[in-house]
Protein chains: 2
Amino acid sequence: MTSPDLAAVARRAGVSAATASRVLSGRGPASTASRDAVRRAATELGYVPHPVARRLARGAGTRILFAVRDRRAGILHDPYVTRAAAAMAAAVDPDGLGVTLRRLPLAATAALETIAADRSVAAVVLAGHDRDLLEHLPTGLRGRTAAIGAGGTDVDSAAGIGALLRHLHDTGRRRIALVSGPRWLAASGAPLRAYTELTRAAGLPSRVVAGDFTAERGRAAAVTVLRRWPDTDAIATVSDATALGVLLGLAAAGIRVPQDIAVTGFDDIPLVSAYPGLSTATHPVEPIAQAAARAALGAPAPQRLFPSHPVLRATA
Amino acid sequence: MTSPDLAAVARRAGVSAATASRVLSGRGPASTASRDAVRRAATELGYVPHPVARRLARGAGTRILFAVRDRRAGILHDPYVTRAAAAMAAAVDPDGLGVTLRRLPLAATAALETIAADRSVAAVVLAGHDRDLLEHLPTGLRGRTAAIGAGGTDVDSAAGIGALLRHLHDTGRRRIALVSGPRWLAASGAPLRAYTELTRAAGLPSRVVAGDFTAERGRAAAVTVLRRWPDTDAIATVSDATALGVLLGLAAAGIRVPQDIAVTGFDDIPLVSAYPGLSTATHPVEPIAQAAARAALGAPAPQRLFPSHPVLRATA
DNA sequence: CTGTTAGCGCCTTCAA
DNA sequence: TTGAAGGCGCTAACAG
């Protein structure tokens, strides 16, 4: 009842364990004859390599570490993070690997050194990084690290948010505010640049408030916008959560959406955007996370930037 | 720069590797003297056991498999699943393990056999199971499997939903419908029983429609309820997603919430329940998932049933 | 292209 | 209580 090992396969195929290993792992040469013999023996015996033994022998780890840099301890409960983690956990299943989730503080260098020394870690997927972090990766992590977000596998947020901004402009909005992402985050750059370019090109005023992807900050941002620029007629945000907070803030102030102020989100999270009829743009988190996991494991990255499409509903 | 191995620790402590192993793994006898010597040597060298080697030697796997039984392929994108998976991924980090996510078809026996034979799997956490599945676990999985939901670690949904139903009754609702979970799911039983008991005790009519935790089915269920029992004055559901669908369905029919019909959800998902002001009950998914993961790994289960508290907002 | 020989790092009988 | 020896299952360097 115990599964056969490599030796059994080799014996049955009439070759040495080394040859069987070469054939089955696809590393190293092997004649067609022995290749066939080994393959046949393997299927006949129902041989399945032991992933743990394999990893140990190769000196490779057995898990992907999804490291999320953020100042909030609760970041690991964030829908974006949980979705990405789950997608990776499903993606690495065929490889016999697992996924571990860990938060990194903003000053993450020391933590990365620790990770580099952890022999159970096969590869690392980084999120919430800034430029500096990517450029100063520990030597031991180079070649087995991938990033989700700016500089790595990412959604084309500039295109998605750009399209929303253009829609706002096309529908007559002229005083558009943006609730952006936090400054410490590299990924905050692209949407901000898209906004800056568009407002400048269209001769619109620039009204930016920094958010942090939470609804709470969105709400506060809405208040700030109303106070600083009372004639604002649209508020674009960089996440559905932020947009939800903005909606709550506007509702509390008795402002009608979209009549008085239009609102857009970003992410198109199914349950979140459906109810308020949030106008937003898609964010294929799962494919991105899977691509990042594969890239971290050494697969050639087929795609760096995943498209984002506007989804217009009721709020803009 | 390469980390020290057990042999190095043993050498420095003046004992054999076997003794060092016994001390550091906490298995097997060791004199106080050698115990101290080994411990000191280990900390001095900054020794960290190699998780993969350890697991191989013990014949244990390196990952927890979170197996979710469901008929929908998209179940792995469900917020409940992703939250649980992420929580486990964070929880097993200290053990050097990882988490893998996999869907199981309703007829899951064969899949479980495969899992039992997978030597990379240290333990299994099961969700979406029915009674039969738990009772017919493959031998190889017994002792290293835990379940989330009925019969395992679970939220006290009967209490949470019971409290909501009582609230509905207390506020004058007398024709309360329930959109339940799917019949093939063991966890659907508790809320249904709570509903049945309450309606019977209060002499109310029983109006049950089966849902499946999706908003789409919630919407359909609302339509069904309106058609079959037009005088319904409250609709309780077993998930926020379902409740959202119900809200959308009622809105489409021009029905006012809560004036005409009150609506309750279950889960209290932050972003989801906030905007419509959904009245719901809490569901501590993360603690439950962590407890299940620990239980699967052999830790004594400290708690089987986690409390659920009603959260009253605008819809009921 | 192939087999032999050593590991990978730890755990676990077994005899002392 | 301890050490020696032999795995766990597979891979990699090295002759041949």
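Chain A is the first sequence line, chain B the second, and so forth, proteins listed ahead of strands; every chain is numbered from 1. Given the structure is predicted, the values throughout are model-derived calculations rather than measurements.
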When you measure from the side chain of L56(A), which nucleotide among dT11(D), dG9(C), dC11(C) comes out closest?
->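 Out of dT11(D), dG9(C), dC11(C), the nucleotide with an atom closest to L56(A)'s side chain is dG9(C).
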May I ask you to decide if D93(A)'s main-chain N or O and R63(B)'s side chain share a donor-acceptor pair within less than 3.5 Å?
->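 Judged by distance alone, yes, a pair lies under 3.5 Å.
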Polar side-chain atom of T19(A) near backbone of V15(A) as donor-acceptor pair, under 3.5 Å |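 Judged by distance alone, no pair lies under 3.5 Å.
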What is the distance, rounded to the nearest whole Å, between atom [atom1] of [X] and atom [atom2] of [N]?
| X | N | atom1 | atom2 | answer |
| --- | --- | --- | --- | --- |
| R55(B) | dC10(D) | CZ | C1' | 19 Å |
| L24(A) | dT11(D) | CG | C1' | 12 Å |
| H50(B) | dC8(C) | NE2 | P | 12 Å |
| D5(A) | dT11(D) | CG | P | 12 Å |
| R54(B) | dG9(D) | CZ | P | 19 Å |
| R11(B) | dG3(D) | CZ | P | 14 Å |
| R119(A) | dC8(C) | CZ | P | 11 Å |

Charged N to carboxylate O under 4.0 angstrom, R71(A) versus D212(A)?
->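 Judged by the 4.0 Å cut-off on N to carboxylate O distance, R71(A) and D212(A) do not form a salt bridge.
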At under 4.0 Å, does any side-chain N or O of S21(A) touch on OP1 or OP2 of dT11(D)?
->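 So the side-chain polar atoms of S21(A) do come within 4.0 Å of the phosphate oxygens OP1 or OP2 of dT11(D), strictly under.
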Got a second to check how far F66(A)'s CZ is from M88(A)'s CE, nearest 0.5 Å?
->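 If we round to the nearest 0.5 Å, F66(A):CZ and M88(A):CE are 4.0 Å apart.
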Could you grab the distance from atom NE2 of H129(A) to atom CG of L112(A), nearest 0.5 Å is fine?
->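 It comes to 11.5 Å.
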Base, sugar-phosphate, or nothing: which does L6(A) touch, judged by heavy atoms less than 4.0 Å apart?
->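 Base, at least one base atom sits under 4.0 Å.
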Qualifying ring pair (Phe, Tyr, Trp, His ring centres under 6.0 Å) pairs, either residue in residues 72-127 of chain B, two or more places apart =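 Only Y80(B)-H283(B) qualify under ring pair (Phe, Tyr, Trp, His ring centres under 6.0 Å).
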Ignoring hydrogens and angles, write down the donor-acceptor pairs under 3.5 Å from the side chains of residues 43-51 of chain A, residues two or more places apart or on other chains.
residue : atom : partner : partner atom : Å
T43(A)  : OG1  : R39(A)  : O            : 3.4
T43(A)  : OG1  : R40(A)  : O            : 2.9
E44(A)  : OE1  : R12(A)  : NH1          : 2.1

Check nucleotides 1-5 of chain C for protein N or O atoms closer than 3.5 Å to its own N or O atoms and list the pairs.
residue : atom : partner : partner atom : Å
dT2(C)  : OP1  : S31(A)  : OG           : 2.5
dT2(C)  : OP1  : S34(A)  : OG           : 2.8
dT2(C)  : OP2  : S31(A)  : N            : 2.8
dT2(C)  : OP2  : S34(A)  : OG           : 3.0
dG3(C)  : OP2  : S16(A)  : N            : 3.1
dG3(C)  : OP2  : S16(A)  : OG           : 3.1
dG3(C)  : OP2  : T19(A)  : OG1          : 2.7
dG3(C)  : N7   : R22(A)  : NH2          : 3.2
dG3(C)  : O6   : R22(A)  : NH2          : 2.4

If each of R58(B) and R27(A) is mapped to the nucleotide of DNA chain D with the nearest heavy atom, which maps nearer the 5' terminus, i.e. the 5' end?
->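 Nearer the 5' end of the strand: R58(B).
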